[in-house]
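Here's the structure, in structure tokens; my notes come after.
Since we're looking at a predicted model, the values are computed, not measured.
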Amino acid sequence: MFDEVLHIGLDVGSTTVKLVIIDESNNVVYKDYQRHYAETRRYTTELLINALNVIGDKEVTIMVTGSAGLAVANWLDISHVQEVIACNYTIEKFIPTTNVAIELGGEDAKITFFEGGLDQRMNGICAGGTGAFIDQMATLLATDAIGLNELAKNYTRIYPVAARCGVFAKTDIQVLLNEGARKEDIAASIFQAVVNQTISGLACGKPIKGNVAFLGGPLYFLSELQNRFKETLKLTDEQAIFPMHAQFFVAMGAALASTTATTSLLSDLIYHLKTLDITSDNEVVRLRPLFLDKKELDDFYYRHSLHQLDATNLADYSGDCYLGIDAGSTTTKAVLIDNDGHILYSYYANNSGSPINSGLNILNDLYSQLPSSAIIRNTAVTGYGEGLLKTAFHIDIGEVETVAHYTAAKFFNPNVDLILDIGGQDMKCLKIKDGIIEDIMLNEACSSGCGSFIEGFAESLNTTVEEFANQALSSEAPVDLGSRCTVFMNSMVKQAQKEGATPADISAGLSYSVIKNALFKVIKMRSAEDLGDNIVVQGGTFQNDSVLRCFELIADKDVIRPNIAPLMGAFGAALIAKNNLTDAASTLLSSEELHSFAIKTKLTNC
């Protein structure tokens with residue numbers, strides 16, 4: 001069928017394997033691709049076998065590229081070409097008039113500027129706005145990427161959606177769904193978020209103009225993503241280049257680069273891959289178990305049983321009490337305390353994207369249990385929704401969350417000098433000196449290592465967060481997943497599973513990742529001495545015993561975790577309400593006033 005030597009390019013990326021075969025005239029004579037699910041050898045072998053069945057057993061040259069291609073290159077003893085260079089070979093050969101090339105892959109994004117000298121830019125520690133990001137967002141709408149594209153064809157408006165982080169974007173989308181936004185509009189908004197991330201995160205202000213080539217799987221298969229780029233960049237049909245085989249450009253570049261390589265029989269390559277022993281080629285490093293023996297576990301449980309806050313039965317209570325509410329990013333918490341700080345009532349629930357509805361549920365639930373002998377004398381609110389809830393429910397005091405958390409931590413340890421709070425999407429570290437908050441450190445554009453991050457992984461493994469956390473305690477070999485973007489870590493988890501890691505090993509590895517992210521990215525710890533000696537940890541994520549244990553192991557410190565760790569913001573607000581009591585009655589809406597409380601929402605862009 002083919003008399004001349006053929007040239008194979010393999011692009012082994014973060015999520016797929018692509019194979020292209022070209023002839024001596026650089027015509028594509030065969031192409032195929034597969035998702036590899038972290039089993040790169042299996043699916044690379046399958047693609048080569050499929051090619052053999054079509055072109056026959058011929059002499060071929062071969063070169064490999066892609067983010068996961070180095071291992072394949074080593075297995076086959078062939079050359080590896082860097083993917084940006086491979087892609088540029090194809091652009092120069094087939095679309096030489098290109099001024100700018102934008103390529104989106106499974107977990108990577110690239111922009112190459114060809115005018116005024118070659119300028120290449122890639123995403124680094126964040127995979128927001130890539131193919132895997134689109135897959136994650138499609139799941140929220142109960143569809144896949146192609147289904148998302150079909151929805152977007154019928155959009156009528158665009159909403160702002162965060163693309164810098166999949167966890168933040170998930171919250172934006174959940175809020176839109178709760179408020180009745182059309183799925184068609186949300187789908188188009190997701191594609192617009194990808195465009196915004198590419199332009200702001202990679203181009204960083206450098207103009208994208210002239211002839212722009214769009215490459216990679218997402219930009220080949222998703223017509224509505226193409227349209228969002230064209231419209232945003234104001235490109236004409238002539239300026240927007242969507243070439244044939246756009247999803248194979250990197251593999252085509254590897255094939256072009258292989259033309260000077262030595263030839264091999266295709267069957268020999270397949271035999272070599274099928275018989276290769278890679279059992280010792282495990283890529284995932286293992287870490288120390290959280291507990292080496294039962295004594296370590298028992299000591300851990302005893303140490304953390306010492307910091308308990310007593311609860312008092314609300315039904316039997318008579319006297320003044322104080323309400324604190326913490327309207328967080330994903331949850332709403334409430335605590336009612338007596339004059340001694342004992343908890344009379346507590347509430348913790350997901351806010352489902354509506355802090356007002358969540359606050360209304362809290363007050364209705366509290367009033368249904370509040371005896372006539374208990375009088376709410378003062379109230380305070382803190383957290384993301386502080387201003388909203390204070391206005392809506394006439395809460396007496398609004399307080400910034402850092403002060404609320406410090407007030408709560410000081411209740412358990414008056415000498416506290418460091419507070420680490422890990423919530424649903426945020427992470428805060430407060431350094432205290434001489435009773436004053438000296439420094440505040442927050443996570444910014446990435447929520448890797450927060451509560452939603454762990455919750456998402458638990459869901460992907462079809463288990464609850466509680467079960468997932470408990471499994472980690474028995475892990476014998478936790479996997480080292482680093483502290484990278486959630487999207488990147490998905491690939492690491494798949495690789496670990498392929499190498500035999502159990503759910504317990506993955507759970508423990510994620511717990512290590514949470515703390516590494518907190519200590520090395522947020523706090524930027526250089527040594528354990530940077531942390532101080534009186535540490536209080538709080539937030540819902542620290543209810544996870546494995547996360548707490550990882551903090552102790554990495555920081556080499558014993559810490560205080562109150563038994564109300566998820567409620568500390570609300571507890572601090574309640575203490576602030578108690579400490580700021582005046583003679584005036586509380587302005588909080590009464591039970592009767594709540595009956596006529598109504599909410600009207602209006603979606604708008606500003």
Side-chain angles (χ1 to χ4, degrees), residues 9-21 28 30-40 43-44 46-47 50 64-69 72 83-84 86-91 94-95 98 100-112 122-123 127-139 143-153 163 166 187 190-195 197-198 202 212-230 240-255 485 487-488 490-491 494:
L10 275 172
D11 176 11
V12 188
S14 53
T15 58
T16 60
V17 184
K18 303 180 189 74
L19 181 146
V20 166
I21 302 177
V28 175
Y30 180 84
K31 63 184 187 299
D32 197 4
Y33 83 99
Q34 285 260 29
R35 281 185 177 262
H36 59 61
Y37 306 102
E39 297 188 65
T40 51
Y43 289 102
T44 300
E46 282 189 13
L47 287 184
N50 293 342
V64 67
T65 186
S67 56
V72 177
E83 57 198 285
V84 174
C87 190
N88 288 352
Y89 286 156
T90 313
I91 292 170
F94 294 103
I95 43 174
T98 298
V100 182
I102 297 175
E103 182 194 352
L104 298 183
E107 293 179 0
D108 52 23
K110 312 178 192 73
I111 288 186
T112 303
M122 297 179 65
N123 63 324
T130 63
F133 171 86
I134 294 171
D135 287 342
Q136 282 187 350
M137 298 306 104
T139 301
T143 186
D144 56 15
I146 299 301
L148 198 70
N149 192 65
E150 291 302 309
L151 286 169
K153 289 179 180 179
I190 290 168
F191 289 144
Q192 185 63 49
V194 172
V195 173
Q197 173 68 7
T198 303
L202 293 182
V212 182
F214 295 93
L215 311 173
L219 281 166
Y220 178 79
F221 290 108
L222 304 175
S223 60
E224 295 310 300
L225 181 60
Q226 296 176 6
N227 290 336
R228 298 313 318 144
F229 268 105
K230 281 181 62 178
I241 304 172
F242 299 100
M244 285 182 60
H245 316 307
Q247 76 276 38
F248 290 103
F249 256 46
V250 177
M252 289 166 65
C485 168
V487 176
F488 290 140
N490 276 319
S491 294
K494 291 173 187 172

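In this structure, Glu103 CD and Phe249 CZ are separated by 10.0 Å, a value rounded to the nearest 0.5 Å. The CD1 atom of Ile146 sits 11.5 Å away from atom CG of Leu151, with the distance rounded to the nearest 0.5 Å. The CD atom of Gln34 sits 7.0 Å away from the CG atom of Asn50 when rounded to the nearest 0.5 Å. One distance of note links NE2 of His245 with OH of Tyr220; it measures 8.0 Å at 0.5 Å rounding. Taken from CZ in Phe229 to CD in Gln192, the straight-line distance is 9.0 Å, to the nearest 0.5 Å. Note: Asn227 CG to Phe191 CZ = 10.0 Å, rounded to the nearest 0.5 Å.
By the 30° and 60° cut-offs, the orientation of the rings of Tyr33 relative to Phe248 is perpendicular.
The shortest side-chain heavy-atom distance between Met252 and Phe94 falls under the 4.5 Å cut-off. By the 4.5 Å heavy-atom criterion applied to side chains, Thr112 and Ile102 are not counted as neighbours. For the pair Leu104/Leu225, a side-chain contact is recorded, criterion being any heavy-atom separation below 4.5 Å from C-beta on. Glu224 is listed as a side-chain neighbour of Lys153, based on a closest heavy-atom distance under 4.5 Å. Here the side chains of Leu222 and Ile134 are in contact, with some heavy-atom distance below 4.5 Å.
Checking side-chain atoms of Asp32 against main-chain N and O of Leu19 turns up no donor-acceptor pair under 3.5 Å.
Nearest heavy atoms, Val20 versus Ala255: O-CB, 4.2 Å. Between Ala254 and Ala86, the closest heavy-atom pair is N-CB, 3.9 Å. Summarising the geometry of Pro243 relative to Ile241, their closest heavy-atom pair is CD-O, 3.4 Å, with the distance given to 0.1 Å. Minimum heavy-atom separation, Ala187 to Ala152: CB-N, 3.8 Å. Across all non-hydrogen atoms, the minimal contact from Thr90 to Gly253 is OG1-N, 2.9 Å.
Checking each of Leu10, Val250, Val72, Val84 against Thr65 for a side chain to side chain contact (heavy atoms under 4.5 Å, CB included) leaves exactly one that passes, namely Val250.
Annotation: Tyr89, atom OH; neighbour count of heavy atoms from other residues, nucleotides and ligands within 6.0 Å does not exceed 12.
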request  = Give the intermediate values and the outcome of side chain to side chain contact (heavy atoms under 4.5 Å, CB included) for residues Gln226 and Phe214.
outcome  = CA-CA 8 Å; Gln226 296 176 6; Phe214 295 93; 5.8 Å; no

